[in-house]
Amino acid sequence: MNIVVFIKQVVATTNVKLDPETGTMIRDGVECILNPFDEYAVEEALRIKEKMGGKVTVVTMGPPQAKEIIRKTIGMGVDEGILISDRALAGSDTWATAYTLSQVLKKIGDYQLVITGKQAVDGDTAQVGPEVAACEGLPMIAWVRKIEEISETSIRAERLMEDGYDVLESPLPALISVVKEINEPRLESLRGKMKAKKYEPKVWGVADMPGFDVAQVGLKGSPTKVFKTFTPKRQYKGEMIAGDAAQAAATLVGKIKEMNIV
Amino acid sequence: MNTDDYKNVWIYAEQRAGKLSTVSYELLGAGRKLADDLGQQLVAILLGSNMRAAADELIAYGADKVYYMDSPALEKFADEPYARVLTDLVKEHKPAIVLAGATAIGRSFIPRVAAELRTGMTADCTGLDIDPEKKILLGTRPAYGGNIMATIICEEKRPQMATVRHKVMKPLEKDDSRKGEVMEKSIVESELTIRAKVVDIIKEMEDTCNIAEADIIVTGGRGVGCKENFALVHDLAAAIGGAVGASRAVVDAGWVPYSHQVGQTGKTVCPKIYFALGVSGAIQHLAGMQSSDVIIAVNNNPDAEIFKVATYGIVGNLNEVVPEMIKQLKNGA
Ligand SMILES: Cc1cc2nc3c(=O)[nH]c(=O)nc-3n(C[C@H](O)[C@H](O)[C@H](O)COP(=O)(O)OP(=O)(O)OC[C@H]3O[C@@H](n4cnc5c(N)ncnc54)[C@H](O)[C@@H]3O)c2cc1C
Ligand SMILES: Nc1ncnc2c1ncn2[C@@H]1O[C@H](COP(=O)(O)O)[C@@H](O)[C@H]1O
């Protein structure tokens with residue numbers, strides 16, 4: 001079973017700082033991490049490989065620094081990493097990203113399963129997975145919390161819904177996106193870390209993908225644009241309620257009743 | 001593409017097990033305003049089986065027209081047939097805007113439709129407006145765990161597509177005298193490709209316990225102390241008619257299943273009242289709940305971050321405060 005996992009480097013949420021003047025994000029010197037959901041995606045791929053054999057390839061589209069997250073996954077046991085990096089891709093929205101990743105899949109060719117994280121915690125869109133599936137005409141199971149069964153030709157998995165879960169069966173190749181509940185990601189092994197240190201991922205530009213249409217990507221090819229960004233205005237009343245437990249509870253319950261919701 | 005050829009505001013009326021989801025009504029409320037701003041029609045798209053009565057309901061809640069696509073193959077949600085049917089409808093009727101709920105269903109198949117139409121899409125909007133000059137959709141959404149708000153536009157492609165966070169938009173009052181048109185069409189199953197098939201549906205929660213839909217959420221954090229003590233959280237939820245939420249610390253400790261987790265790696269919620277009991281207020285937790293209308297925090301540490309976002313805060317031991325709250329709620333009933 002050959003598995004492709006899409007991973008993304010993101011700014012750790014705890015490090016998001018805004019320039020108070022411009023309201024834009026300060027990116028200089030901030031720590032970047034492997035998108036948390038993608039860690040579950042990598043872990044699940046490794047577990048399937050351990051059971052069934054085959055190869056796990058991670059792919060990320062991003063700047064040269066994104067090699068770091070590829071190395072992290074190599075440390076976890078991934079076989080191969082590909083970095084998609086090209087000036088032409090700068091400013092790509094989810095469509096343009098998905099188009100690019102679908103072209104990567106075309107070039108890789110021999111795969112049975114594609115795994116993405118539920119969403120990247122920077123943009124929080126959760127759109128790239130389904131859009132890749134659409135571009136490649138792959139069946140998709142979103143929000144997978146458990147793979148019940150998998151063979152070389154089919155998968156049976158649980159899709160997390162608001163009120164429970166659905167069980168789906170699909171032929172392979174297919175694309176799945178995973179949620180946190182699916183597993184507990186491993187740490188990098190010592191041997192893996194040694195290997196990762198020396199590991200140089202493949203780097204592909206748009207010219208390395210036959211038939212790539214540059215008009216589909218970058219700022220120009222992206223159908224959506226950011227019109228403006230701003231810091232959320234929060235108007236918390238922020239009232240502290242004093243008194244011992246009984247008094248405080250009484251005051252609070254009084255306020256709740258005034259809201260006429262209960 | 002001539003964008004002027006595209007007219008009307010569409011909402012995808014989500015259903016599960018033949019019942020309209022609450023987000024469908026909220027979308028009608030939001031869509032009605034956009035359609036009126038544009039001077040165009042509001043159209044609801046309903047995919048399902050044996051749901052004719054629901055189509056009339058959509059009119060009563062604000063739609064001018066409903067396209068009801070009926071087929072046993074559309075009874076349960078699967079990405080491929082849903083995407084196919086909606087994509088074909090869009091190609092045929094050319095709407096300017098297509099909205100859907102930012103739910104498990106909407107966020108799964110709506111991007112697929114957008115990609116098939118090769119148009120732009122904005123996820124999980126908490127604000128929708130029409131630009132008064134350009135008459136385009138301004139979709140405002142939180143990013144970076146709610147640290148930044150971004151307004152996204154799609155100027156040159158149509159339709160402009162977006163998913164909308166539930167509980168943010170307000171439904172209209174039901175009005176049975178509203179007139180509208182229901183266009184019903186049956187879809188032949190054999191014309192649809194369905195590879196990823198639903199073979200089972202397991203409902204683990206009643207709607208009242210479903211944190212995505214609940215008006216009131218009572219969340220317990222690590223400060224609750226232990227699994228046994230979590231009964232206190234359930235008791236308050238029961239007393240006030242709310243659903244039970246949890247911080248990640250509590251889920252990781254195995255006190256509560258993952259489906260209750262609120263936050264960046266869990267669910268994003270927006271209830272009318274959110275109780276945070278023994279929750280420190282880590283940024284990843286805030287990402288999932290800070291847009292709640294009223295936030296009530298109980299924490300024994302006066303410096304806890306959660307107090308910075310709380311509408312009402314009580315510094316105290318939750319083991320003492322919460323039983324008093326339950327008592328008071330029951331007294332007044
Ligand atoms: C990538 C990533 C993703 C994450 N995603 C999420 C997520 O989706 N959701 C989430 O919740 N977290 C998430 N976290 C974890 C988050 O950073 C915090 O660790 C977590 O939210 C803490 O949970 P807590 O507030 O319950 O526990 P703690 O931080 O341990 O806080 C417990 C609080 O209870 C108070 N307390 C203790 N005893 C009492 C008492 N008797 N009475 C009253 N108060 C008391 C304490 O003062 C303290 O403030 C994520 C972290 C990472 C790194
Ligand atoms: N630039 C990228 N490179 C590789 N994978 C990506 C990229 N952006 C998004 N993904 C994948 O798509 C998932 C959803 O991302 P998003 O739609 O941005 O929330 C992520 O968890 C990744 O698996």
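Note that the coordinates shown come from a computational prediction; the quantities given were computed from them, not determined experimentally. Below, chain A is the first sequence line, B the second, and so on; all start at residue 1.
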**Student:** Is atom CD of E152(A) surrounded by more than 12 heavy atoms (other residues, nucleotides or ligands) closer than 6.0 Å?
**Tutor:** yes

**Student:** Without swapping roles, check the side chain of R141(B) against the backbone of G123(A) for a donor-acceptor pair under 3.5 Å.
**Tutor:** yes

**Student:** If I compare all heavy atoms of R112(B) with all of L138(A), which pair ends up nearest, and what's the gap?
**Tutor:** NH2-O, 2.8 Å

**Student:** Among V315(B), D215(B), V294(B), who wins on heavy-atom pairs under 4.5 Å with chain A?
**Tutor:** V294(B)

**Student:** So what's closer than 4.5 Å to chain A heavy atoms on V298(B): side chain, backbone, both or neither?
**Tutor:** neither

**Student:** Please find the pair of heavy atoms, one from G266(B) and one from K118(A), that lie closest to each other, and give the distance.
**Tutor:** O-NZ, 3.8 Å

**Student:** Would you say K220(A) has more than 12 foreign heavy atoms packed within less than 6.0 Å of its NZ?
**Tutor:** no

**Student:** How close do A249(A) and V321(B) get, counting heavy atoms only, and between which atoms?
**Tutor:** CB-O, 4.0 Å

**Student:** Heavy-atom distances under 4.5 Å only: say whether Y99(A) touches chain B with side chain, backbone, both or neither.
**Tutor:** neither

**Student:** Top residue by heavy-atom pair count (under 4.5 Å) with chain A, among I201(B), I110(B), N317(B)?
**Tutor:** I201(B)

**Student:** Counting heavy-atom pairs under 4.5 Å to chain B, which of Q119(A), M259(A), E184(A) comes out on top?
**Tutor:** M259(A)

**Student:** Side chain from CB out, backbone as N, CA, C, O: work out which of these in Y165(A) comes under 4.5 Å of a heavy atom of chain B, or both, or neither.
**Tutor:** both

**Student:** Could you tell me which of Q216(A), M240(A), E181(A), E162(A) has the largest number of non-hydrogen atom pairs under 4.5 Å with chain B?
**Tutor:** E162(A)

**Student:** Of all the heavy-atom pairs spanning L329(B) and K257(A), show the shortest one and how long it is.
**Tutor:** O-NZ, 4.1 Å

**Student:** First locate atom CD of E239(A), then atom CZ of F307(B), and finally report the distance between them rounded to the nearest 0.5 Å.
**Tutor:** 13.0 Å

**Student:** Give, as side chain, backbone, both or neither, the part of T140(B) having an atom under 4.5 angstrom from any heavy atom of chain A.
**Tutor:** side chain

**Student:** State whether the side chain of W95(A) and the backbone N or O of R118(B) hold a donor-acceptor pair below 3.5 Å, judged by distance alone.
**Tutor:** no

**Student:** Between I296(B) and chain A, which part of the residue has a heavy atom less than 4.5 Å away: side chain, backbone, both or neither?
**Tutor:** side chain

**Student:** So what's closer than 4.5 Å to chain A heavy atoms on E155(B): side chain, backbone, both or neither?
**Tutor:** backbone

**Student:** Go through P36(A), A134(A), A142(A) and name the one with the most non-hydrogen pairs under 4.5 angstrom from chain B.
**Tutor:** A134(A)

**Student:** Who among A123(B), G120(B), G313(B), G139(B) has the most heavy-atom pairs with chain A under 4.5 Å?
**Tutor:** G313(B)

**Student:** Looking at chain B, which one of P139(A), S170(A), A245(A) has the largest number of heavy-atom pairs inside 4.5 Å, strictly under?
**Tutor:** P139(A)

**Student:** Output all residues satisfying side-chain contact (heavy atoms from CB on, under 4.5 Å) with D131(B), sequence neighbours left out; order by chain, then residue number.
**Tutor:** F227(A), E133(B), K134(B), I136(B), L138(B)

**Student:** Identify which of K267(B), Q261(B), Q160(B), Q264(B) forms the greatest number of heavy-atom pairs closer than 4.5 Å to chain A.
**Tutor:** Q264(B)

**Student:** Less than 4.5 Å to any heavy atom of chain A: does that hold for the side chain of V113(B), its backbone, both, or neither?
**Tutor:** neither

**Student:** What pair of heavy atoms forms the shortest contact from A246(A) to Q328(B), and how long is it?
**Tutor:** O-NE2, 4.0 Å

**Student:** If you count heavy-atom pairs within less than 4.5 Å of chain B, which of G164(A), P223(A), G137(A) leads?
**Tutor:** P223(A)

**Student:** Indicate yes or no for a side-chain donor-acceptor contact from E204(B) to the backbone of D163(A) under 3.5 Å, with no hydrogens or angles considered.
**Tutor:** no

**Student:** Counting a contact as any heavy-atom pair under 4.5 Å apart, which residues of residues 124-133 of chain A contact chain B?
**Tutor:** D124(A), T125(A), A126(A), Q127(A), P130(A), E131(A), A133(A)

**Student:** Could you tell me the separation between the CE atom of M140(A) and the CZ atom of F109(B), rounded to the nearest 0.5 Å?
**Tutor:** 13.0 Å

**Student:** Top residue by heavy-atom pair count (under 4.5 Å) with chain B, among V179(A), I155(A), V121(A)?
**Tutor:** V121(A)

**Student:** For the CE atom of M121(B) and the OG1 atom of T224(A), what is their distance to the nearest 0.5 Å?
**Tutor:** 10.5 Å

**Student:** Could you give the distance from CG (L168(A)) to CZ (F77(B)), rounded to the nearest 0.5 Å?
**Tutor:** 8.5 Å

**Student:** Within a radius of less than 6.0 Å around NZ of K225(A), do more than 12 heavy atoms belonging to other residues, nucleotides or ligands occur?
**Tutor:** yes

**Student:** Could you go through R16(B) and D166(A), starting from their C-alpha distance and side-chain angles, then the distance that decides it, and tell me whether this counts as salt bridge (Lys or Arg N to Asp or Glu O under 4.0 Å)?
**Tutor:** CA-CA 11 Å; R16(B) 195 147 154 82; D166(A) 296 345; 2.8 Å; yes

**Student:** Less than 4.5 Å to any heavy atom of chain A: does that hold for the side chain of K197(B), its backbone, both, or neither?
**Tutor:** both

**Student:** Quick one: OG1 on T229(A) to CD1 on I148(B), what's the gap to the nearest 0.5 Å?
**Tutor:** 6.0 Å

**Student:** Answer yes or no: is there an ion pair linking K180(A) with D252(B), defined by an N-O contact shorter than 4.0 Å?
**Tutor:** yes

**Student:** When only pairs under 4.5 Å are counted, which of D79(B), D293(B), T265(B) shares the most heavy-atom pairs with chain A?
**Tutor:** T265(B)

**Student:** Would you call R156(A) and D200(B) a salt bridge, using N to O less than 4.0 angstrom?
**Tutor:** no

